Amino acid sequence: MTTLVVAPLLVWLALAAYLFAVDRKLTALETSRQESDL
Amino acid sequence: MSAAILAAFLLVGPSSGFTMDGHGAKIIFFHVPCAWLASLCYVFAAFCSVRYLMQARQVGPQAADTDRKIAAYMELGMVFAVLATVTGSIFSHNEWGAYWSWDPRQTSIVIILLLFAAYLVLRGAIEDHRRRAQLGAVYTLVAVIPSVFLIWVLPRIVETLHGNANMAFGQMTGMFKPVLRFIVLPAFLGLFAWVWQLRVRCMRLEDSVHASLVSGVSNERTSL
C-alpha cells in the first residue's frame, strides 16, 4: 500500500519540479526578451 | 495533484463493483481524467478555431496567438489521448482479460488519436505561418464533427464493454465517484491549464526568436 501511494507521488513531484523549472526559465526568457525589445 | 493521489489511495477503499480485486481499479482515477481532457481539448480547439477564422482577416498578433492556443490544445490532446489509451489498456487487461479487444470505445480513441496526429502532421508540413494557421483552424473544425460523434454519440448507441460506465461512472461505488468528480478531475484540469499556458508561452518565444532571426538576416542582406 505504501508503495502504491509513494510511487505515483514521487512521479508527480518529479513532474511538478520539472514544470516549475520550465516556468521559471520561461519567465526569465520573457523578461530578457522584453528588456532587449526596449 | 498530490491531494488527488492521496485521496485516490487513502480515501477510497479497494474497488467494489469491479471484477478485479485490490486497488487495480484505481487506474480509473488516471484514465478517466485523461480521456476527459483529450475530449475537452477538441472542444477548446474548435472554439479557438472559430475565433481564429473570425480574426484571420486581420494579420496581427491576436490571430497568431489564437493559432498558438489551438496548436497547444491539439498537442496536449494527443498526449492525454495516448495516456488514456495506455491506462485504458491496463484497466481492460485487469477487468476484461485483454489489453485490446476493439471495443467501440477503444476503436474510437484510436481514430481520435489519428485525428490529433493528422493535425500535427499538417502543421509540421506547412512552412508559411499564415497558411498553416488557416488550414489548421479549418482542419480542427472539420475534425471536431467525427470526434463529437465518436466520443459522445457512438458509445451510447452501440453495445460496448464500458457499458453504462460512460460518463455516468455506473459501476463505481462508495467514495469512487465523489473523489473522481470533486478531487481528481479538478486536479487534472489544473495540471492541464498549467502545462497548456507553458506550451503557449514557449511557442510565443519561439516565434519571436524566429521573427528576430529573419529580420536580422534581411537587415544583413540589405546592408550588403
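What you see is a predicted model; the values in this text were computed from it and never measured.
- In this structure, chain B has no heavy atom under 4.5 Å from any part of A:Tyr18.
- With rounding to the nearest 0.5 Å, the separation of CZ in B:Arg204 from CG in A:Leu29 is 14.0 Å.
- Both the backbone and the side chain of B:Val209 come within less than 4.5 Å of a heavy atom of chain A.
- Taking CZ from B:Arg201 and CG from A:Asp23, the interatomic distance works out to 5.0 Å, rounded to the nearest 0.5 Å.
- More than 12 heavy atoms of other shown residues, nucleotides or ligands fall within 6.0 angstrom of atom NE2 in B:His129.
- For the atom pair NZ (A:Lys25) and SG (B:Cys202), the distance works out to 11.5 Å, reported to the nearest 0.5 Å.
- Within a 6.0 Å sphere centred on CZ of B:Arg51, other residues, nucleotides and ligands contribute 12 heavy atoms or fewer.
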